[in-house]
Amino acid sequence: MSTEDNKSIPEEEPGKRSLNFIEEKIEKDLNNNKNNRQVHTRFPPEPNGFLHIGHAKSIVLNFGLAKEYNGKCNLRFDDTNPIKESTEYVDSIKEDIHWLGYDWEERLYYASDYFEQLYEMAEKLIKDGKAFVCDLSQDQIAEYRGTPTEPGIESPYRNRSIEENLDLFRRMRAGEFPDGSRMLRAKIDMSSPNMHLRDPIMYRIKRSYHHRTGYDWCIYPMYDFAHGQSDYIESITHSLCTLEFEVHRPLYDWFLDNLVEEGEIRPQQIEFARLNLSYTIVSKRKLLELVENDYVDGWDDPRMPTISGFRRRGYTPDAIKNFVEKVGIAKRDNVIDVALLEHSIREDLNKKAPRVMAVLDPVKVIIDNYPDDTTEDLELVNNPEDESMGSRKVPFSKEVYIEKKDFMEDPPKKFFRMAPGREVRLKGAYVVKCDDYKKDDQGNITEIHCTYDPQTKSGADTSGKKVKGTLHWVSAPHAFQAEVRLYDRLFNDPAPSSKDEDFKAFINPDSLKVFKNCYLEPVLKDAEPEDKFQFQRIGYFCVDRYSEKRLPVFNQTVTLKDTWAKKEKQQQNQKKKG
RNA sequence: UGUCCGGUGGUGUAAUGGCAACACGUCUGAUUUUGGUUCAGAAGAGUCCAGGUUCGAACCCUGGCCGGACAACCA
């Protein structure tokens, strides 16, 4: 560094993107030969709910950093509160992480694996005079703790002898005292401006079945006494968590100061901002509320911002990972525009999803000059973005269905679709002209009559005709019926959880629309659950996870971008205002 | 009226003492047998404010202002 006199212009390194603040910190540690130049992270979920998009950020960060720096990332379940945790959640979490494409190899751990070691550490602190058994009630504890602006006062039990503390703590473990009657506290500083340092609770008595240790324990460590030491036990070098744990860091360090042995790897906690998404809630507690009160169809409802919800909705792991990478890592509070998520899935599916035709809200079109008993097998490409995806045969006949929305009796001038006297192309087939239509008593269009121009056959057009609009369609006799579910955002408000009102007041009543009589082209009969398609001109769809062959169900992942719909909407809004 | 952490286009993220960049979104236009994709382009911040240091400050210093976190035997 000292010989850097000639200010050489820094070489442009095109492959090197700018580092986020955590990567910078890691590289600094690496340069200082800290932790034997190892990088070891962990993803530490509590198994008390399903993983959501916010966890995806943490997963991508922790596993991604390990990969980037040739290190390892553990999966550790932070299971120190048995009353909220269960193996159902453990299983779902493991499945979601694997689905995203990450692997903890043989490093699957549980904080409950360390209960015995944690207990030993607690005894050590007692013996060192740094922890004591306190008999204060819950209310008294709160009272003695003070407030953020006023210091607390010391517990009358704070100065028990080491022998008495040790005896009492052992008897706590042995089950001699009722739940809540005593606890073990760290002896730190009741007047600290940091609330977390005011003799924090280390252990509480709680008789409850634990999903892994059963009834072996009746005392359980608190998060603060478990997390840092678990990191230490696993030789974690960089312990990443979200901003709300920033105030816990002095306590994290205090325990480590008193427990870490010479020469051992000492983990450091680094905090980053959690991910917030507009129009959605990312809070396990609130998501649980939606599930328990049947606002949604379980944790994996396609409207849920859970990993399993996105999966059922048709999102891909790549889209989620790309999204999270685009969002970045920093320390300021943020709200990500849900449009960025939608952009990520469209970007991915545009490359991967085969195109098919499906009519969601059908109206019949009869091509009067087309022969009665003829079926043509038309060849359509599966994906114009990727020739290697080949092509397929699509049957065409005298009667087809098109979308009701694609016909207007009296269209505005920029409407490029079917209308009386107008010509449009049926995608991959012919140009047809609308001659006539029928209506029922309520004025609904029931039938549209057209003539086709045989010269305009797709790929062999000799007519030289240019038409503005191209419609998707399915041949009526060949179509099969399916249910299609359209999803919209679950909440109407851009920030449903930041208001004084109950977040449930912002639930969008139209977040799910079910179309039961949709007609799909024949290839879709063979589709398997989770298969993904682009329904041309509509959006991306996938076969529902629980779909059955008898009556298949397709979920809309996301719409195609639709500049026509956008213009319509803007005009409507202007009319309302004007 | 405490401690800690943050304030850069509408949103998110860069620039680490040297021309404020990239992505999403928005708006034009072209291409298109998907009103998709693709392509070309535009608008939009002078970096919360005020001082200071410096030839030069988004970046360093001082003081404000604004926002967030913290008072569960939750994590």
Side-chain angles (χ1 to χ4, degrees), chain A residues 17-20 24 44-46 48 78-81 83-85 134 136-138 141-143 145-152 179-185 192-198 201-206 219-220 222-224 226-227 241-250 271 273 275 278 284-285 323 326-344 346-347 350-351 355 357 380 384-385 414-417 424-429 431 456 458-459 461 466-472 534-539 559-567:
Chain A
R17 61 182 178 87
S18 61
L19 302 176
N20 65 50
E24 274 178 7
E46 184 189 13
N48 68 342
D78 216 338
D79 55 350
T80 57
N81 185 12
I83 61 172
K84 287 187 175 176
E85 298 154 4
C134 181
L136 253 27
S137 71
Q138 187 153 203
I141 283 274
E143 210 179 302
R145 189 158 24 222
T147 70
T149 53
E150 295 164 304
D179 284 13
S181 61
R182 288 190 160 86
M183 69 213 127
L184 185 71
R185 292 229 256 168
S192 170
N194 183 336
M195 298 288 289
H196 296 278
L197 260 19
R198 319 241 263 228
I201 297 167
M202 295 163 59
Y203 271 90
R204 72 281 210 184
I205 306 173
K206 186 179 275 198
I219 56 172
Y220 289 95
M222 299 287 288
Y223 164 85
D224 286 304
H227 201 99
C241 62
T242 44
L243 252 31
E244 66 269 29
F245 291 100
E246 214 155 23
V247 262
H248 292 243
R249 185 163 15 107
E271 311 85 12
L275 182 149
S278 63
K284 268 202 248 181
R285 203 205 84 231
F323 166 70
K326 277 184 257 219
V327 159
I329 303 293
K331 292 193 75 164
R332 61 186 94 102
D333 293 326
N334 61 80
V335 181
I336 312 296
D337 191 338
V338 70
L340 185 61
L341 216 210
E342 294 179 344
H343 169 262
S344 302
R346 286 191 188 109
E347 182 183 47
N350 180 47
K351 289 180 295 193
R355 268 116 249 233
M357 294 197 286
L380 268 74
E385 307 294 313
K414 287 246 173 148
F415 185 82
F416 301 147
R417 306 173 187 186
V424 293
R425 176 174 287 282
L426 296 178
K427 174 87 184 169
V431 171
T456 59
S458 189
D461 192 324
K466 289 276 178 196
V467 291
K468 272 287 206 181
T470 300
L471 306 187
H472 63 278
Q534 183 194 102
F535 288 1
Q536 285 195 115
R537 302 211 306 130
I538 306 176
T559 61
L560 251 31
K561 281 214 270 184
D562 190 345
T563 48
W564 172 246
K566 191 157 69 182
K567 273 181 188 158

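Convention: sequence-line order gives letters A, B, ...; per-chain numbering from 1.
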Whichever of Gln138(A) and Leu426(A) has its nearest RNA chain B nucleotide further upstream toward 5':
Leu426(A)
Taking for Gly146(A) and for Ala565(A) the nucleotide of RNA chain B with the nearest heavy atom, the one nearer the 5' end belongs to Ala565(A)
If you check the [X] side chain, which of [options] turns out closest?
X	options	answer
Met183(A)	C74(B), C73(B), G36(B)	C73(B)
Glu24(A)	A15(B), G36(B), G2(B)	A15(B)
Thr470(A)	U33(B), U13(B), C74(B)	U33(B)
Ser18(A)	C73(B), A75(B), A15(B)	A15(B)
Thr149(A)	G36(B), G2(B), U33(B)	G2(B)
Asp562(A)	C24(B), C70(B), G35(B)	G35(B)
Pro193(A)	G68(B), G2(B), U11(B)	G2(B)
Ala330(A)	A14(B), C73(B), G36(B)	A14(B)
Lys427(A)	C73(B), U33(B), A69(B)	U33(B)
Glu246(A)	C5(B), U33(B), C73(B)	C5(B)

Provide the Watson-Crick or G-U wobble partner of [N], both distances under 3.5 Å; none if there is no partner.
N	value
U62(B)	A50(B)
G12(B)	C22(B)
G2(B)	C70(B)

Whole angstroms only, please: what is the [atom1]-[atom2] distance between [X] and [N]?
X	N	atom1	atom2	result
Ile83(A)	C74(B)	CD1	C1'	8 Å
Glu244(A)	C4(B)	CD	P	19 Å
Arg249(A)	C5(B)	CZ	P	8 Å
Leu243(A)	G67(B)	CG	C1'	12 Å
Glu150(A)	C70(B)	CD	C1'	15 Å
Lys566(A)	C24(B)	NZ	C1'	12 Å
Phe245(A)	A69(B)	CZ	P	14 Å

How are the rings of Tyr223(A) and His248(A) set relative to one another: parallel (under 30°), tilted (30 to 60°) or perpendicular (over 60°)?
perpendicular
Side chain Glu150(A), main chain Gly146(A), donor-acceptor under 3.5 Å:
no
Within a strict 4.5 Å, meaning less than it, do heavy atoms of the Leu275(A) and Ile336(A) side chains meet?
yes
Base, sugar-phosphate, or nothing: which does [X] touch, judged by heavy atoms less than 4.0 Å apart?
X	answer
Asn194(A)	nothing
Tyr220(A)	nothing
Gly459(A)	base
Thr80(A)	sugar-phosphate
Val431(A)	nothing
Leu136(A)	base
Leu471(A)	nothing

Can you find a side chain N or O atom of [X] that sits less than 4.0 Å from OP1 or OP2 on [N]?
X	N	value
Lys331(A)	G7(B)	no
Arg332(A)	U13(B)	yes
Arg425(A)	G35(B)	no
His343(A)	C24(B)	yes
Lys326(A)	G12(B)	no
Arg537(A)	G35(B)	yes
Thr563(A)	G36(B)	yes
Arg182(A)	C73(B)	no
Lys206(A)	C74(B)	yes

Classify the side chain of [X] versus the base of [N] as yes if they form a donor-acceptor pair under 3.5 Å and no if they do not.
X	N	answer
Arg355(A)	U34(B)	yes
Glu385(A)	G36(B)	yes
Arg417(A)	G35(B)	yes
His248(A)	A69(B)	no
Gln534(A)	U34(B)	yes

Check whether the aromatic ring of Trp564(A) stacks on the base of G35(B), taking stacking as ring centres less than 5.5 Å apart and planes within 30° of each other.
yes
Going through the checks in order, is the salt bridge (Lys or Arg N to Asp or Glu O under 4.0 Å) test met by Glu46(A) and Lys284(A)?
CA-CA 10 Å; Glu46(A) 184 189 13; Lys284(A) 268 202 248 181; 5.0 Å; no
Per the O4'-C1'-N9-C4 / O4'-C1'-N1-C2 angle with a 90° window around 0, G46(B) comes out syn
Between CD of Glu385(A) and NZ of Lys351(A), what distance do you get to the nearest 0.5 Å?
10.5 Å
